[in-house]
Amino acid sequence: ALFMKDYPDAMDYKSAQKSYHLLEYKKLTREGDAYSYQMFVLNRSENPYVEDALEEVYRIYTEDGKPKSYEKFIGENEENPHVPEAWDVLFRLRTSKYTPAQISEFMIDYPDYPKAKNLSGDLELAKMPLTPARKEDKWGFIDSTGAWVLTPKFSWASDFFEGKAAVGFLGKTVFINKKGTLIYSYMFEDASRFTNNLAIVETEDKMGVINFMGDTIIPIIYDELGEFSQGLIYAGVDGRYGYFDETGKEIVPFEYESAFDFKDNKAIVKQNGNYGVINVLGQVLLPCSYEWIIPDSTNYVVKQGDLFGLISSTGDTLLPFEYSTISKFTNNRATAAKDGKYQY
């Protein structure tokens, strides 16, 4: 400051001014403290780092990604240029599945929504069933009367699920909303439908999971993915398998050679060439010591050596390992063979 005051015509004046502004910004703000950035904006409006401070306020308020945080940011920072963006994100968070109920609730809860005039159109679209239809070699969507709502321009199209449809575009798979707008800027080789706000996607022969906001929940690096069941999904990479939950948190370490979807809170896994069973916490119910396991609703037909037996999910032996075969249970009955004779 003294240098700039004493030498206003110096060649290094602008460089010194830039350094001074940065130093002032760092000195008057504290990382993670939104109030310090708000005070900086209020008291140092001439400082070019005001834009950085405004962005930091937005980031701090909304870093947990929850609707309440966006509500609070909008209510306490009316002059912040990120308010329109916050409104857009809040709308997407509160209408994640684009149902009439979600949109109606949003209209009631946020009468000050700056795009309120568009909500009636959103509500009508949410109510409208759209069906994929083909005209010549292109696909679009029609309503219940057969009228085109989205004109044919896609190489293929799936049904809408949770307000989003996967379609073929420029040789890739993209997601669109019921307005026909691309929801995300990136494209995939393949994608599943959205279920509970999550979709499995594939890029360069690798698989991962995104959420309805387009955020990557499970990195797109896996050779194989199962389906979410009981809130968990198995993933495999380089011959190792583990499980993630719906937030992308690793629940079961990648220590298995193979894995299967959960059913009745249990899943079959393979380790060291043999099969076992774990629960949704990753705890071992049956050790991996069986050559094969066929699940029933509560029990397991298992093979050990050349013989089959029946054990419970807690490991109790219900039928000893003395059968040459035991079939899968149907109507609570299974066929068992022993010494060349069959019985139920």
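Since we're looking at a predicted model, the values are computed, not measured.
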Practice prompt. Please test Tyr98 against Phe161 for ring-ring contact (aromatic ring centres under 6.0 Å, His included), starting from the C-alpha separation and ending with a verdict.
Written response: CA-CA 9 Å; Tyr98 204 70; Phe161 292 95; over 10 Å; no
I'd like to know whether the aromatic ring centres of [X] and [Y] sit less than 6.0 Å apart in this structure.
{"X": "Phe262", "Y": "Tyr243", "value": "yes"}
{"X": "Tyr58", "Y": "Phe73", "value": "yes"}
{"X": "Tyr186", "Y": "Phe188", "value": "yes"}
{"X": "Phe260", "Y": "Tyr241", "value": "no"}
{"X": "Tyr49", "Y": "Tyr25", "value": "yes"}

Do [X] and [Y] have side-chain heavy atoms sitting under 4.5 Å apart?
{"X": "Gln38", "Y": "Asn77", "value": "yes"}
{"X": "Val89", "Y": "Met213", "value": "yes"}
{"X": "Ile74", "Y": "Leu90", "value": "yes"}
{"X": "Ile183", "Y": "Arg92", "value": "yes"}
{"X": "Val252", "Y": "Tyr234", "value": "no"}
{"X": "Ile200", "Y": "Ile233", "value": "yes"}
{"X": "Arg134", "Y": "Pro152", "value": "no"}
{"X": "Tyr222", "Y": "Phe254", "value": "yes"}

Quick check against the 3.5 Å criterion: does [X] have a side-chain atom that pairs as donor or acceptor with the backbone of [Y]?
{"X": "Glu257", "Y": "Asn272", "result": "yes"}
{"X": "Ser36", "Y": "Arg30", "result": "yes"}
{"X": "Glu250", "Y": "Gly242", "result": "no"}
{"X": "Ser192", "Y": "Ala199", "result": "no"}
{"X": "Ser45", "Y": "Leu42", "result": "no"}
{"X": "Tyr275", "Y": "Val302", "result": "no"}
{"X": "Gln304", "Y": "Glu291", "result": "no"}
{"X": "Ser258", "Y": "Lys270", "result": "no"}
{"X": "Glu24", "Y": "Tyr20", "result": "no"}
{"X": "Asn211", "Y": "Leu198", "result": "no"}

Item to complete: Any chance you could lay out the side-chain contact (heavy atoms from CB on, under 4.5 Å) test for Ile176 and Leu150, step after step, and finish with the verdict?
Response: CA-CA 11 Å; Ile176 61 170; Leu150 300 178; 4.0 Å; yes
Quick one: do [X] and [Y] end up in the same hydrophobic cluster if we chain Ile, Leu, Val, Met, Phe, Trp and Tyr together by side-chain heavy atoms under 4.5 Å apart?
{"X": "Leu310", "Y": "Phe321", "value": "yes"}
{"X": "Ile217", "Y": "Ile221", "value": "yes"}
{"X": "Leu232", "Y": "Ile218", "value": "no"}
{"X": "Val277", "Y": "Tyr256", "value": "no"}
{"X": "Leu54", "Y": "Tyr35", "value": "no"}

Of the non-hydrogen atoms in [X] and [Y], which two are nearest, and what is the gap between them?
{"X": "Ala235", "Y": "Leu225", "value": "CB-CD2, 3.4 Å"}
{"X": "Ser155", "Y": "Trp139", "value": "O-CD1, 3.4 Å"}
{"X": "Thr325", "Y": "Phe308", "value": "CA-CD1, 3.5 Å"}
{"X": "Ala53", "Y": "Val41", "value": "CB-CG2, 3.7 Å"}
{"X": "Lys206", "Y": "Ile220", "value": "O-CG2, 3.3 Å"}
{"X": "Gln230", "Y": "Asn265", "value": "CG-OD1, 2.9 Å"}

Fill in: Check against side-chain contact (heavy atoms from CB on, under 4.5 Å), Met187 and Thr173
CA-CA 6 Å; Met187 299 180 174; Thr173 298; over 6 Å; no
Item to complete: Go through the steps for Val167 and Lys153 under the test side-chain contact (heavy atoms from CB on, under 4.5 Å), then give the verdict.
Response: CA-CA 10 Å; Val167 297; Lys153 60 180 178 181; over 6 Å; no
Flag yes if more than 12 heavy atoms outside [X] fall under 6.0 Å of its [atom1] atom; otherwise flag no.
{"X": "Glu46", "atom1": "CD", "answer": "yes"}
{"X": "Glu51", "atom1": "CD", "answer": "no"}
{"X": "Asn43", "atom1": "CG", "answer": "yes"}
{"X": "Glu55", "atom1": "CD", "answer": "no"}
{"X": "Asp64", "atom1": "CG", "answer": "yes"}
{"X": "Glu63", "atom1": "CD", "answer": "yes"}
{"X": "Glu85", "atom1": "CD", "answer": "yes"}

Discussion item. Check Lys178 with Asp122, please: is the shortest side-chain N to carboxylate O separation under 4.0 Å?
Written reply: no
Worksheet entry | Under-4.0 Å salt bridge between Arg193 and Asp159 | no
Does NZ or CZ of [X] lie under 6.0 Å from the centre of the six-membered ring of [Y], at an angle within 45° of the ring axis?
{"X": "Arg94", "Y": "Phe106", "answer": "no"}
{"X": "Lys338", "Y": "Tyr323", "answer": "yes"}
{"X": "Lys164", "Y": "Phe175", "answer": "no"}

Interatomic distance, [X] atom [atom1] to [Y] atom [atom2] [nearest 0.5 angstrom]:
{"X": "Ile311", "Y": "Leu285", "atom1": "CD1", "atom2": "CG", "answer": "10.5 Å"}
{"X": "Cys288", "Y": "Ile268", "atom1": "SG", "atom2": "CD1", "answer": "10.5 Å"}
{"X": "Leu286", "Y": "Asn274", "atom1": "CG", "atom2": "CG", "answer": "12.5 Å"}
{"X": "Asn197", "Y": "Phe212", "atom1": "CG", "atom2": "CZ", "answer": "5.0 Å"}
{"X": "Ile103", "Y": "Leu119", "atom1": "CD1", "atom2": "CG", "answer": "7.5 Å"}
{"X": "Ser158", "Y": "Phe141", "atom1": "OG", "atom2": "CZ", "answer": "6.0 Å"}

Indicate every side-chain donor-acceptor pair of residues 124-133 with a distance under 3.5 Å to a residue at least two apart or in another chain.
none

Worksheet item: Between Thr62 and Lys72, does a side-chain contact (heavy atoms from CB on, under 4.5 Å) hold up when you go through it step by step?
Response: CA-CA 9 Å; Thr62 62; Lys72 186 177 181 182; over 6 Å; no
